Protein chains: 2
Amino acid sequence: MKPAPLHDRIRRDVEARIMSGAWEAGRRLPTEQALMAEYACSRMTVNKALSALVGFGMIERRRRAGSFVAAPTVHRAVVEIPDVAAEIESRGNSHGLDLLRHVEREATADDCRRLLIAGGPVLDLACLHRAGLRPFALERRLINLTLVPAARTVNFARESPGRWLLEHVPWTDATHRISATIAGPDAALLGVAAEAPCLTIERWTWRTRERLTYVRQTYSGDHALLSVG
Amino acid sequence: MKPAPLHDRIRRDVEARIMSGAWEAGRRLPTEQALMAEYACSRMTVNKALSALVGFGMIERRRRAGSFVAAPTVHRAVVEIPDVAAEIESRGNSHGLDLLRHVEREATADDCRRLLIAGGPVLDLACLHRAGLRPFALERRLINLTLVPAARTVNFARESPGRWLLEHVPWTDATHRISATIAGPDAALLGVAAEAPCLTIERWTWRTRERLTYVRQTYSGDHALLSVG
DNA sequence: AAATATTTGTACGTATGTATA
DNA sequence: TTATACATACGTACAAATATT
């Protein structure tokens, strides 16, 4: 067992005192000088430990004033939204894909709004992901072909659009919208009742200023998102 | 306009080259030595910039081997789940609270399972959050009174349980489950049709090994979660 | 209102350890 | 085995912000 680095030990010590409630929100931490003395180390080492805590949002630091335990954060859930194909496979099922629509066209007004573009060619895809034979999720996707011309040459009947994009197209930002919808007209495809509640995830993916793709995935059954970390 | 710190500039430069796709996943970054030369600075400064990128999960570093652009991550959505009262107020509505149940009891088998405890006193709450007069969310909550005895003395008819807990009880971890449910028996309280799809969030909150509280919130209407950051 | 002292922020240079291609 | 590249940590210095006097 190798000893943890000193800056890690200091960080964890401070972290533990905050987490236990011993040091409440707003409480002032010992100064770097004090911690130097306590741990008999240099200021850089203390600084590294405390800087890490700033990164985690656990403390705030102000010159001259000191370091303070940050106010308790609002709850944040980090949910992983893997490519549907990967998700199905990670559950031990085989991934099946039915390509329902594959249309290249000039962007309609609707496409322009979704992709935040003025015009240009887009690819309009719809597909049903199956876990084995069972319908798993319905996916509707728009791809901005101006930014991703290579998407024209891909056989999306064989390769999951999400997976291909993830592996081939770098993106900088994504925003998500998670909601509950009623299966409605998609019920037959999803193999559920028309009134069945479905989890729906929408994602807009960006590269710097421009939208690469918009996707809306509707999950059949009682699919749930679990937070990680 | 003050100039950004040098380590920030270096970090952002590297970040930009990764984000633009110029440096693809797996590609080796220049060594610290090379970056020192490029920016005419010390190794500590370069190290600080690259360490920050490790924190963001954008690069990986291996001794002797070098620094590498990390594989494209699966999509992650960070969703903020504020206390319901705060959420309603942030929308400019007044928060109303109807306390539907407030029971202190020894933990039932069901409570024990939800809170992962062997027994002991628990508080069982149910309340309806209103935005003005309109039903907004139905909340059912279990509080582990062994860990949070102070909850006995709070008037939850006046103070939102979530807000009180957030402000008074330090926690270390929380896991969430987000799903779509049908309003069903809660339809009347939520003021929606029985077949209305509802977004449901469950949260288990921990302090170190022990569960502090379990809460299940069912939102009326077409409430959606938006990712941040 | 101004000067001062305190505390963190940034950056330098150096040294040694450690994992590994 | 050895050279490489990152990891940790030392000490120092000055800058910037700000609480206190």
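Values in this document were obtained by computation on a predicted structure and should not be read as measured data. In the text below, chain A, chain B and the rest are named by the order of the sequence lines, each starting its count at 1.
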- Message: Once salt bridge (charged side-chain N to carboxylate O under 4.0 Å, His left out) is applied, what residue pairs with a partner in residues 146-159 of chain A remain, sequence neighbours excluded?
- Response: A/Glu104-A/Arg152
- Message: What is the distance, to the nearest angstrom, from the CG atom on B/Leu53 to the P atom on D/dC6?
- Response: 13 Å
Result block: side-chain N/O donor-acceptor pairs under 3.5 angstrom for residues 63-72 of chain A, not counting sequence neighbours:
| unit_1 | atom_1 | unit_2 | atom_2 | d |
| --- | --- | --- | --- | --- |
| A/Ser67 | OG | A/Arg61 | NE | 2.9 |
| A/Ser67 | OG | A/Arg61 | NH2 | 3.4 |

- Task: List for me each residue that meets salt bridge (charged side-chain N to carboxylate O under 4.0 Å, His left out) alongside A/Glu80, sequence neighbours excluded, and say none if there are none.
- Result: B/Arg76
- Item | Protein-nucleotide distance (B/Lys48, atom NZ; C/dC12, atom P), rounded to Å | 12 Å
- Item | Residues forming a side chain to side chain donor-acceptor pair (under 3.5 Å) with B/Arg203, sequence neighbours excluded | B/His176
- Task: Would you mind reading off the distance between B/Asn47 atom CG and D/dC6 atom P, rounded to a whole angstrom?
- Result: 9 Å
- All side chain to side chain donor-acceptor pair (under 3.5 Å) counterparts of A/Arg113, not counting sequence neighbours: A/Asp110
- Message: Tell me every residue that passes salt bridge (charged side-chain N to carboxylate O under 4.0 Å, His left out) with A/Arg216, counting only those two or more places apart in sequence or in another chain.
- Response: none
- Taking atom C1' of C/dG9 as reference, at what distance in whole Å does atom CE of B/Met44 sit? 13 Å
- Message: If you only use heavy atoms from C-beta on, which nucleotide in D/dC10, D/dC6, C/dA11 is closest to the side chain of B/Ser67?
- Response: D/dC6
- Would you indicate what A/Leu6 reaches in the nucleic acid, counting non-hydrogen atoms under 4.0 angstrom: base, sugar-phosphate, or nothing? sugar-phosphate
- Message: Let's see if you can work this out: which of C/dC12, D/dA7, C/dG9 has an atom nearest to the side-chain heavy atoms of B/Thr45?
- Response: C/dC12
- Could you check how far CG of A/Leu50 sits from P of C/dT7, rounded to whole Å? 14 Å
- Roughly, in whole Å, what's the span from CZ in A/Arg61 to P in C/dT7? 12 Å
- Query: Taking only residues at least two apart or on different chains, which pairs with a member in residues 43-58 of chain A satisfy salt bridge (charged side-chain N to carboxylate O under 4.0 Å, His left out)?
  - Reply: A/Glu32-A/Arg43
- Name of the residue among B/His129, B/His223, B/His95 meeting side-chain hydrogen bond (donor to acceptor under 3.5 Å, both in side chains) with B/Glu87: B/His223
- Query: In whole angstroms, how far is the P atom of C/dT20 from the CZ atom of B/Phe68?
  - Reply: 12 Å
- Query: Just how large is the angle between the end axes of the helix from C/dA2-D/dT21 to C/dA21-D/dT2, five pairs per end, to 10 degrees?
  - Reply: 10°
- Query: Is it true that atom CG of B/Asp222 has more than 12 heavy atoms of other residues, nucleotides or ligands lying nearer than 6.0 Å?
  - Reply: no
- Task: Starting at atom OH of A/Tyr39, determine the distance to atom C1' of D/dC10, rounded to an integer number of angstrom.
- Result: 19 Å
- With sequence neighbours left out, the residues meeting side chain to side chain donor-acceptor pair (under 3.5 Å) with A/Asn93 are none
- Task: Look at the side-chain N and O atoms of B/Arg43 and state whether any lies under 4.0 Å from the OP1 or OP2 oxygen of D/dC6.
- Result: no
Could you list the donor-acceptor pairs under 3.5 angstrom formed between side-chain atoms of residues 6-19 of chain A and any protein atom two or more places apart in sequence or on another chain?
| unit_1 | atom_1 | unit_2 | atom_2 | d |
| --- | --- | --- | --- | --- |
| A/Arg11 | NH1 | A/Glu15 | OE1 | 2.9 |
| A/Asp13 | OD2 | A/Tyr39 | OH | 2.6 |

- Message: Would you call the rings of A/Phe156 and A/Trp164 parallel, tilted or perpendicular, taking 30° and 60° as the class edges?
- Response: perpendicular
Please list each protein N or O that sits under 3.5 Å from an N or O in nucleotides 18-21 of chain D, with the distance.
| unit_1 | atom_1 | unit_2 | atom_2 | d |
| --- | --- | --- | --- | --- |
| D/dT18 | O2 | A/Arg64 | NE | 3.3 |
| D/dA19 | O4' | A/Arg64 | NE | 3.1 |
| D/dA19 | N3 | A/Arg64 | NE | 3.4 |
| D/dA19 | N3 | A/Arg64 | NH2 | 3.2 |
| D/dT20 | O4' | A/Arg64 | NH2 | 3.4 |

- Interface with DNA chain D, restricted to residues 28-37 of chain B and to heavy atoms under 4.0 Å: B/Arg28, B/Thr31, B/Glu32
